[in-house]
*Asks:* 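Starting off with a structure, shown below.
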Amino acid sequence: MPGHYLLPVTPDVTIPTAVDKATVAQVLRDISLLLQLQGESGFRVRAYDMAADRIAGLPQELGPLVAEGRLESLPGIGRALAEKISELVSTGRLGYLEELRAQFPPGLLELTQLPDVGPKKVATLWRELQVSSIEELERACREGRVRQVRGFGAKSEAKMLEGIALYRRARGERKLLGEVLPVATALLERVKAAPGVVRASLGGSVRRQAETVADVDIIASAPEAEPVLDALANAPGVAAVLGKGESKCSVRLEAGDLQVDLRVLPDEDFATALHHFTGSKAHHIRLRNLGQERGLKISEWGVHRDDGTKVPVTEESGIYALLDMQYVPPELREDNGEVEAARAGQLPQDLLTLEDVQGAVHAHSTWSDGRNSLEEMALAARALGLKYLTITEHSEAAIYAGGLKVDDLKRQWEEIDRINAAVSGVRLLKGIEVDILESGALDYADSVLEQLEVVIGSIHVRHGMDEDQMTRRLLAAMDNPCLQILGHPTGRLINSREPYPVRMDEVLERAAERGVAVEVNGKPARLDIKAEYVRQAVKQGVRLVVSCDAHQKEDLRNLAFAVATARRGWARKGDVLNTLPADRFVTALRERR
DNA sequence: GCCGTTTTCGGCCCGACTGTTTTCAGTCG
């Protein structure tokens with residue numbers, strides 16, 4: 001084969017660029033929209049959407065999958081999509097996307113972000129009125145030109161103008177679960193108190209405890225829907241009723257432009273409706289396909305046999321039982337392997353619960369940048385039923401956060417001893433959140449750290465290092481035998497700061513080797529490490545702690561969000577150290593390798 | 001565009017609500 005020698009001497013190696021999962025997912029969604037603008041068949045469109053969901057939800061990085069040609073092993077990704085994703089990841093560009101984009105003006109895609117405006121309407125308005133941006137749509141509405149297009153009227157114009165104003169305010173940003181949950185819970189209580197309500201629950205991404213949510217779903221059962229729908233429509237804080245029918249009501253709250261959807265059904269349909277409106281969509285599609293194989297049609301209105309007869313389902317677990325699989329808790333319903341595991345009977349049965357947690361990790365007081373005294377924190381922890389609380393102030397280098405000098409620390413121990421003697425039922429543990437310096441060294445001498453019961457090491461400054469430097473920094477910190485817990489390991493702040501670049505697989509591997517516990521930080525804007533990394537950590541045998549990162553006593557409740565994140569990462573009680581009693585917790589932390 | 005212990009072709013989840021129509025298309029979840 002002489003032709004073989006015509007190949008260049010240096011192999012044509014493509015170097016993977018920094019195209020991340022989120023970018024790939026966004027590109028696939030853009031293609032989906034562009035195809036819809038073209039009027040392409042819904043099935044092809046959906047293939048792109050499903051692939052986008054699949055990529056966005058991947059626990060691992062894309063680079064290795066592309067390099068090893070394993071993209072096609074992912075469900076919903078065949079040859080055509082694998083080729084496009086590979087091209088995008090290895091070259092940073094995608095020819096197909098550019099071809100599609102060239103057919104439409106650039107502002108057209110953004111128009112589909114407006115509420116109640118989808119690709120069909122955008123295509124019509126572009127064709128009939130040459131509208132290609134939000135500004136042009138706004139003008140067309142004001143000038144009454146939209147109502148002249150078939151299928152549109154005066155009401156459409158008014159709604160679009162409203163939608164444009166809303167879009168400009170909110171910019172489509174998803175809200176933190178921690179901000180939304182209190183509001184959602186208060187509305188749920190109001191719905192529960194409405195006349196005739198039998199059962200009511202939150203649904204959607206709030207019930208799945210997603211880290212951010214776009215809206216709130218409430219599902220209720222009652223013999224009469226009307227009074228229940230009214231209870232939401234007339235609730236305090238409602239800015240506008242967006243729609244109200246016989247079984248459904250949507251409102252927008254003044255606070256944060258948050259949308260709330262309520263469905264009310266007869267109680268016999270409650271379980272299947274709750275399941276339907278909890279999602280995720282991807283999880284449901286899997287279940288419905290499994291149902292079809294068994295001659296069962298699964299919808300929000302129940303489970304029906306092919307002959308139309310209804311199968312009674314009173315609890316969500318009944319749906320899974322009909323499909324011969326284990327019950328899947330809401331937090332796991334993402335089609336990330338839970339369907340396969342549940343069918344095989346291999347879903348973890350002892351997922352972490354809030355009740356399993358005996359002590360709260362990571363709390364600050366007025367000694368550094370917290371708002372409450374040590375005693376107030378202790379009493380608040382006890383009131384929540386916690387047996388211990390680790391006091392972990394900032395160390396000296398964290399000047400901006402009132403970091404403690406070693407002398408301060410020793411005086412604090414005296415106060416902790418006094419409180420532990422005086423307050424029964426809860427114990428304060430002496431700890432520190434010591435800064436991991438630029439070199440990876442810790443901010444206190446080992447001789448000081450050795451005297452503490454709990455040592456969390458965290459990065460607070462110099463976030464701008466590159467991936468190599470940052471990875472080395474964290475690995476070096478974990479090599480110090482005094483470091484027991486790696487605090488908020490990626491440094492992200494949801495919606496406001498990207499995680500610093502770091503090779504998490506190496507960090508988790510080292511944590512497992514050295515016996516360093518990794519923090520699952522429950523502060524709503526952190527949730528660090530995130531669920532995907534929790535799952536990876538659990539697989540690699542890394543020990544975890546769930547923390548509240550409390551800077552005031554109310555923050556102790558952040559533990560619930562850390563537990564939610566751990567559950568979404570399939571963590572079990574046995575994976576989490578602060579499910580142990582105080583003495584055993586402290587002993588376990590010292591078991592370093 | 002994906003997928004297949006019936007299939008490499010012909011399927012692909014399903015219903016509520018709105019605004020427009022006068023029986024339905026588009027959007028959303």
Side-chain angles (χ1 to χ4, degrees), chain A residues 28 31-54 71-85 96 111-125 146-160 162-163 203-208 213-219 225 229 241-251 259-265 269 272-293 296-304 319 335:
Chain A
L28 295 174
I31 291 176
S32 156
L33 282 172
L34 289 162
L35 289 172
Q36 291 178 77
L37 287 174
Q38 281 190 330
E40 183 61 64
S41 103
F43 298 114
R44 196 163 161 232
V45 165
R46 193 152 69 213
Y48 279 93
D49 283 329
M50 306 238 289
D53 290 344
R54 176 67 55 190
L71 279 174
E72 279 189 63
S73 68
L74 299 172
I77 297 192
R79 172 166 312 173
L81 272 162
E83 278 175 8
K84 291 187 176 78
I85 295 167
Y96 183 60
L111 281 171
T112 64
Q113 300 301 304
L114 297 172
D116 296 314
V117 178
K120 292 273 169 50
K121 286 184 185 172
V122 169
T124 303
L125 292 169
V146 169
R147 71 183 68 183
Q148 290 160 15
V149 180
R150 184 180 168 81
F152 295 82
K155 277 193 177 174
S156 312
E157 285 178 345
K159 278 193 83 165
M160 282 181 179
E162 217 175 288
S205 47
V206 175
R207 182 163 180 243
R208 298 201 311 278
V213 300
D215 59 15
V216 173
D217 294 288
I218 303 176
I219 297 86
L229 297 173
V241 178
L242 303 172
K244 188 158 167 285
E246 286 176 19
S247 70
K248 174 184 168 178
C249 176
S250 296
V251 303
Q259 183 171 330
V260 182
D261 296 331
L262 168 66
R263 320 258 171 169
V264 185
L265 319 93
D269 293 327
T272 45
L274 174 61
H275 186 260
H276 176 84
F277 291 111
T278 295
S280 68
K281 191 173 69 177
H283 179 81
H284 277 213
I285 289 173
R286 295 296 307 281
L287 295 196
R288 286 176 171 177
N289 285 331
L290 291 175
Q292 278 188 332
E293 291 171 12
L296 298 170
K297 192 183 75 172
I298 300 170
S299 81
E300 66 198 271
W301 291 115
V303 180
H304 291 84
I319 296 174
D335 191 21

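Naming convention: chains lettered A, B, ... in sequence-line order (proteins, then strands); numbering from 1 in each chain.
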*Asks:* Reckon A:V45 touches a base, only the sugar-phosphate, or nothing at all at heavy-atom distances under 4.0 Å?
*Replies:*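 No contact at all - A:V45 keeps every heavy atom at 4.0 Å or more from the nucleic acid.
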
*Asks:* Quick one: CG on A:L33 to OG1 on A:T112, what's the gap to the nearest 0.5 Å?
*Replies:*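 The OG1 atom of A:T112 is 4.5 Å from CG of A:L33, to the nearest 0.5 Å.
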
*Asks:* Could you give the CZ-to-P distance, from A:R54 to B:dG1, as a whole number of Å?
*Replies:*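 Rounded to the whole Å, the gap is 19 Å.
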
*Asks:* Looking at every strand, decide which applies to A:L114 at a 4.0 Å heavy-atom threshold: base, sugar-phosphate, or nothing.
*Replies:*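 Touches sugar-phosphate only.
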
*Asks:* Which pairs would a plain distance check flag for residues 72-79 of chain A, meaning a side-chain donor or acceptor within less than 3.5 Å of a matching protein atom at least two apart in sequence or in another chain?
*Replies:*
from: A:S73; atom 1: OG; to: A:R70; atom 2: O; distance (Å): 2.5

*Asks:* Using the C1' atom as the point on both nucleotides, what is the distance between B:dG11 and B:dA16, in whole Å?
*Replies:*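 The answer is 25 Å between these two C1' atoms.
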
*Asks:* Starting from C1' on B:dC2, measure out to CD1 on A:I285 and report it in whole angstrom.
*Replies:*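 One finds 12 Å between C1' of B:dC2 and CD1 of A:I285, rounded.
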
*Asks:* Answer yes or no: is there an ion pair linking A:D217 with A:R263, defined by an N-O contact shorter than 4.0 Å?
*Replies:*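 No, this pair does not count.
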
*Asks:* Would you please confirm or rule out a distance under 4.0 Å between OP1 or OP2 of B:dC17 and any side-chain N or O of A:S250?
*Replies:*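 Checking B:dC17 against A:S250, no side-chain N or O comes under 4.0 Å of OP1 or OP2.
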
*Asks:* Figure out the CG/P separation between A:D217 and B:dC28, and round it to whole Å.
*Replies:*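 Answer to the nearest Å: 15 Å.
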
*Asks:* Could you say whether A:K120 or A:L35 is positioned toward the 5' end of DNA chain B, judged by the nucleotide with the nearest heavy atom to each?
*Replies:*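 Final value for this comparison: A:L35.
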
*Asks:* When you compare the protein's N or O atoms with those of nucleotides 14-16 of chain B, which come within less than 3.5 Å of each other, and at what distance?
*Replies:*
from: B:dG15; atom 1: OP1; to: A:K297; atom 2: NZ; distance (Å): 3.3
from: B:dG15; atom 1: O3'; to: A:W301; atom 2: NE1; distance (Å): 3.0
from: B:dA16; atom 1: OP1; to: A:W301; atom 2: NE1; distance (Å): 3.2

*Asks:* Specify the separation, in whole Å, of atom CD of A:E293 and atom P of B:dT6.
*Replies:*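 Taking CD of A:E293 and P of B:dT6, I get 10 Å after rounding.
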
*Asks:* Which atoms of nucleotides 3-5 of chain B (N or O only) lie under 3.5 Å from a protein N or O atom, and what are those distances?
*Replies:*
from: B:dC3; atom 1: OP1; to: A:G76; atom 2: N; distance (Å): 2.8

*Asks:* What's the gap between B:dT21 and B:dT27 when it is taken at their P atoms, as a whole Å value?
*Replies:*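 Straight-line distance between the two P atoms is 16 Å.
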
*Asks:* Are there over 12 heavy-atom neighbours, none belonging to A:E246, within less than 6.0 Å of that residue's CD?
*Replies:*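 For A:E246, atom CD is not crowded (no more than 12 foreign heavy atoms under 6.0 Å).
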
*Asks:* Provide, to the nearest angstrom, the distance between the CD atom belonging to A:Q36 and the P atom belonging to B:dC28.
*Replies:*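 So the two atoms are 10 Å apart, to the nearest Å.
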
*Asks:* Give me the distance, rounded to whole Å, that separates B:dC17 from B:dC12 when you measure between the P atoms they each carry.
*Replies:*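 After rounding to an integer number of Å, I get 25 Å for this pair.
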
*Asks:* Using 0.5 Å steps for rounding, measure from the CG atom of A:D335 to the CE atom of A:M50.
*Replies:*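 Reported to 0.5 Å precision, the distance equals 8.5 Å.
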
*Asks:* How many angstroms lie between CZ in A:R54 and CG in A:L81, if you round to the nearest 0.5 Å?
*Replies:*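 So the gap between those two atoms works out to 12.0 Å.
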
*Asks:* Decide yes or no for A:F152 and A:T124: does some side-chain heavy atom of the first lie under 4.5 Å from some side-chain heavy atom of the second?
*Replies:*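 A:F152 reaches A:T124 side chain to side chain.
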
*Asks:* Say we look at B:dC3 and B:dT8: how far apart would their C1' atoms be, to the nearest angstrom?
*Replies:*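 So the two C1' atoms sit 10 Å from each other.
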
*Asks:* Would you name the heavy atoms of A:H275 and A:L287 that are closest together and state the gap between them?
*Replies:*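 In terms of heavy atoms, the two residues are closest at CE1-CD1, 3.4 Å.
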
*Asks:* Check whether any side-chain heavy atom of A:M160 lies under 4.5 Å from a side-chain heavy atom of A:L125, and answer yes or no.
*Replies:*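 They are in side-chain contact.
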
*Asks:* Nearest to the side chain of A:R44, which nucleotide is it out of B:dT18, B:dG1, B:dT27?
*Replies:*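 Taking heavy atoms from C-beta onward, the closest nucleotide is B:dG1.
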
*Asks:* Quickly work out the A:L28 CG to B:dG1 P distance and round it to whole Å.
*Replies:*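 Checked: the CG to P distance equals 11 Å.
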
*Asks:* Testing A:V45, A:L37, A:L111 for side chain to side chain contact (heavy atoms under 4.5 Å, CB included) with A:P119, which one passes?
*Replies:*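 Of the listed options, the one satisfying the test is A:L37.
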
*Asks:* Looking at B:dG29, B:dC12, B:dT20, which one has an atom nearest to any side-chain atom of A:S156?
*Replies:*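 Closest nucleotide among those given: B:dT20.
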
*Asks:* Taking the P atom in each of B:dC14 and B:dT20, what is the distance between them to the nearest angstrom?
*Replies:*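 To the nearest whole Å, 30 Å.
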
*Asks:* Looking across every strand, which nucleic acid part, if any, lies under 4.0 Å from A:Y48 by heavy atom: base, sugar-phosphate, or nothing?
*Replies:*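 The answer is sugar-phosphate, as A:Y48 gets under 4.0 Å only of primed atoms, P, OP1 or OP2.
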
*Asks:* Rounded to the nearest 0.5 Å, what's the gap from CG on A:L34 to OH on A:Y48? Could you check?
*Replies:*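 Between A:L34 CG and A:Y48 OH, I get 10.5 Å after rounding to 0.5 Å.
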
*Asks:* Under 4.0 Å between any heavy atoms, over every strand shown, what does A:A154 touch: base, sugar-phosphate, or nothing? Just pick one.
*Replies:*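 Touches sugar-phosphate only.
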
*Asks:* Could you tell me the separation between the CG atom of A:D261 and the P atom of B:dT27, rounded to a whole number of Å?
*Replies:*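 Nearest whole value for this atom pair: 18 Å.
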
*Asks:* Any idea which of B:dT18, B:dC28, B:dC2 is nearest the A:D116 side chain?
*Replies:*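 For A:D116, the side-chain atoms sit closest to B:dC28.
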
*Asks:* Among B:dT18, B:dT20, B:dT27, find the nucleotide with the atom closest to the side chain of A:K121.
*Replies:*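 Looking only at heavy atoms from C-beta outward on A:K121, the closest nucleotide is B:dT27.
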
*Asks:* What is the distance from CG of A:L262 to P of B:dG29, rounded to the nearest Å?
*Replies:*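 Nearest whole value for this atom pair: 15 Å.
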
*Asks:* Counting Watson-Crick and G-U wobble pairs only, both distances under 3.5 Å, name the nucleotide matched with B:dG26, or none.
*Replies:*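 By the stated definition (distances under 3.5 Å), B:dC17 pairs with B:dG26.
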
